[in-house]
Amino acid sequence: MKAKGHTARFKGFCKSETMDTFLHACIDYFTVFFEVKKIEDDEGAAAEKRRDALASGERPSEGSIRTDSASGAPSHAGSPPSKELQGKEIEQRARLRDLALVYAAILLKHSNYANTQQERQFFESLYDFSKRVLFTINNRKHWHAIENELDRVFRSPHFNLSERKNKANAQGGGTAMTSFKDLYE
């Protein structure tokens with residue numbers, strides 16, 4: 001924390017019970033978030049296998065064929081989410097609500113409308129610190145997912161610079177960032 005230049009106010013906040021509660025809520029949310037991603041990836045891979053089998057003329061397994069409710073004819077469209085995925089998504093929303101409650105309490109207590117620069121520095125430190133804690137706890141390959149999701153949760157899409165930056169890097173890295181004027185338009 002010394003190298004990042006965090007304020008004494010933020011360092012004091014880090015020692016509080018509210019910070020512990022906030023970090024635990026973040027950890028709980030991201031645990032379920034990565035479980036949902038894994039289930040989606042697994043189900044996506046299974047669906048892709050079925051599509052590949054159909055494309056190559058093979059008969060898909062019986063479990064992958066659904067019937068159209070109107071005509072009764074076989075339908076190979078994407079299957080609905082599994083019960084396991086639906087349950088995890090409900091749990092993810094519950095964890096997000098828990099996180100939102102703690103974050104709202106932090107906003108109410110630590111917002112400083114009289115000095116917006118200090119307020120901005122405090123919350124940027126909170127975001128950065130949270131990302132680094134989550135990065136340390138989770139697998140290193142999840143850095144971009146953690147960064148994108150935290151910014152999605154705490155910022156609007158227009159202020160989610162991480163997602164745009166990571167998307168640009170994934171598309172070859174050579175694309176220039178969108179200018180303010182383009183964003184405004």
Side-chain angles (χ1 to χ4, degrees), residues 1-44 80-170 177-178 180 183-184:
M1 284 188 53
K2 291 177 185 175
K4 283 305 256 179
H6 297 297
T7 63
R9 182 172 160 230
F10 181 74
K11 289 176 185 177
F13 172 73
C14 284
K15 297 174 186 174
S16 72
E17 189 175 322
T18 305
M19 179 61 149
D20 289 343
T21 305
F22 177 74
L23 289 175
H24 282 276
C26 284
I27 292 165
D28 290 345
Y29 174 74
F30 273 92
T31 299
V32 177
F33 173 78
F34 287 123
E35 289 173 1
V36 167
K37 279 183 75 79
K38 184 175 181 347
I39 294 169
E40 288 174 342
D41 290 347
D42 292 348
E43 288 181 6
S82 68
K83 296 271 188 214
E84 180 185 18
L85 179 59
Q86 290 174 350
K88 283 295 178 184
E89 287 175 338
I90 290 169
E91 185 180 354
Q92 183 182 11
R93 283 192 294 274
R95 298 286 184 247
L96 185 59
R97 272 191 303 274
D98 296 341
L99 178 58
L101 287 172
V102 177
Y103 185 64
I106 293 169
L107 279 173
L108 289 173
K109 186 173 181 180
H110 295 281
S111 290
N112 183 357
Y113 300 110
N115 193 337
T116 56
Q117 185 63 27
Q118 282 182 352
E119 178 186 42
R120 181 172 182 256
Q121 190 174 9
F122 177 87
F123 284 103
E124 287 300 324
S125 294
L126 179 63
Y127 300 145
D128 184 59
F129 189 80
S130 302
K131 286 176 192 177
R132 292 179 188 281
V133 167
L134 289 165
F135 176 63
T136 302
I137 291 171
N138 291 288
N139 204 347
R140 288 184 157 287
K141 69 181 178 181
H142 295 306
W143 172 255
H144 293 302
I146 290 168
E147 190 176 43
N148 291 345
E149 185 63 10
L150 261 183
D151 282 359
R152 185 194 70 79
V153 167
F154 296 119
R155 300 172 181 191
S156 72
H158 300 291
F159 295 100
N160 189 347
L161 299 176
S162 300
E163 185 176 20
R164 285 188 296 215
K165 175 189 70 170
N166 293 333
K167 201 179 282 185
N169 287 340
M177 291 291 287
T178 308
F180 175 76
L183 283 175
Y184 183 76

Side chains of Gln118 and Thr7 only: does a donor on one sit below 3.5 Å from an acceptor on the other? no
How would you list all residue pairs meeting side chain to side chain donor-acceptor pair (under 3.5 Å) that involve residues 96-106, not counting sequence neighbours? Tyr103-Tyr127
Scanning both residues in full, the closest heavy-atom pair of Val102 with Thr18 reads CG1-O, 4.1 Å
Side chain to side chain contact (heavy atoms under 4.5 Å, CB included) partner of Leu126, chosen from His110, Met19, Lys131: Met19
Apply side chain to side chain contact (heavy atoms under 4.5 Å, CB included) to the pair Glu89 and Leu85, showing each step before the final yes or no. CA-CA 6 Å; Glu89 287 175 338; Leu85 179 59; 3.9 Å; yes
Value rounded to 0.5 Å, distance of CD in Gln121 from CG in Asn112: 11.5 Å
Partner set under ring pair (Phe, Tyr, Trp, His ring centres under 6.0 Å) for His24, not counting sequence neighbours: none
Can you sort out the partners of Phe22 under ring pair (Phe, Tyr, Trp, His ring centres under 6.0 Å), two or more places apart, ordered by chain and number? Phe154
Nearest 0.5 Å, what's the CG-CD1 distance between Leu23 and Ile137? 7.5 Å
Say you draw a straight line from CZ of Arg9 to OG of Ser125; how long is it, rounded to the nearest 0.5 Å? 10.0 Å
Is the shortest heavy-atom distance from the side chain of Cys26 to the side chain of Val133 under 4.5 Å? no
So how far is it from Thr21 OG1 to Ile106 CD1, rounded to the nearest 0.5 Å? 8.5 Å
Qualifying salt bridge (charged side-chain N to carboxylate O under 4.0 Å, His left out) pairs with a residue from residues 112-126, counting only residues at least two apart or across chains: Glu124-Arg155
Please table the atom pairs, donor to acceptor, closer than 3.5 Å between any side-chain atom in residues 27-41 and protein atoms at least two apart or in another chain.
| from | atom 1 | to | atom 2 | distance (Å) |
| --- | --- | --- | --- | --- |
| Tyr29 | OH | Gln92 | NE2 | 3.2 |
| Tyr29 | OH | Glu149 | OE2 | 2.4 |
| Thr31 | OG1 | Ile27 | O | 2.8 |
| Glu35 | OE1 | Lys88 | NZ | 2.6 |
| Lys38 | NZ | Asp42 | OD2 | 3.2 |

Ring pair (Phe, Tyr, Trp, His ring centres under 6.0 Å) partners for Phe123, two or more places apart: none
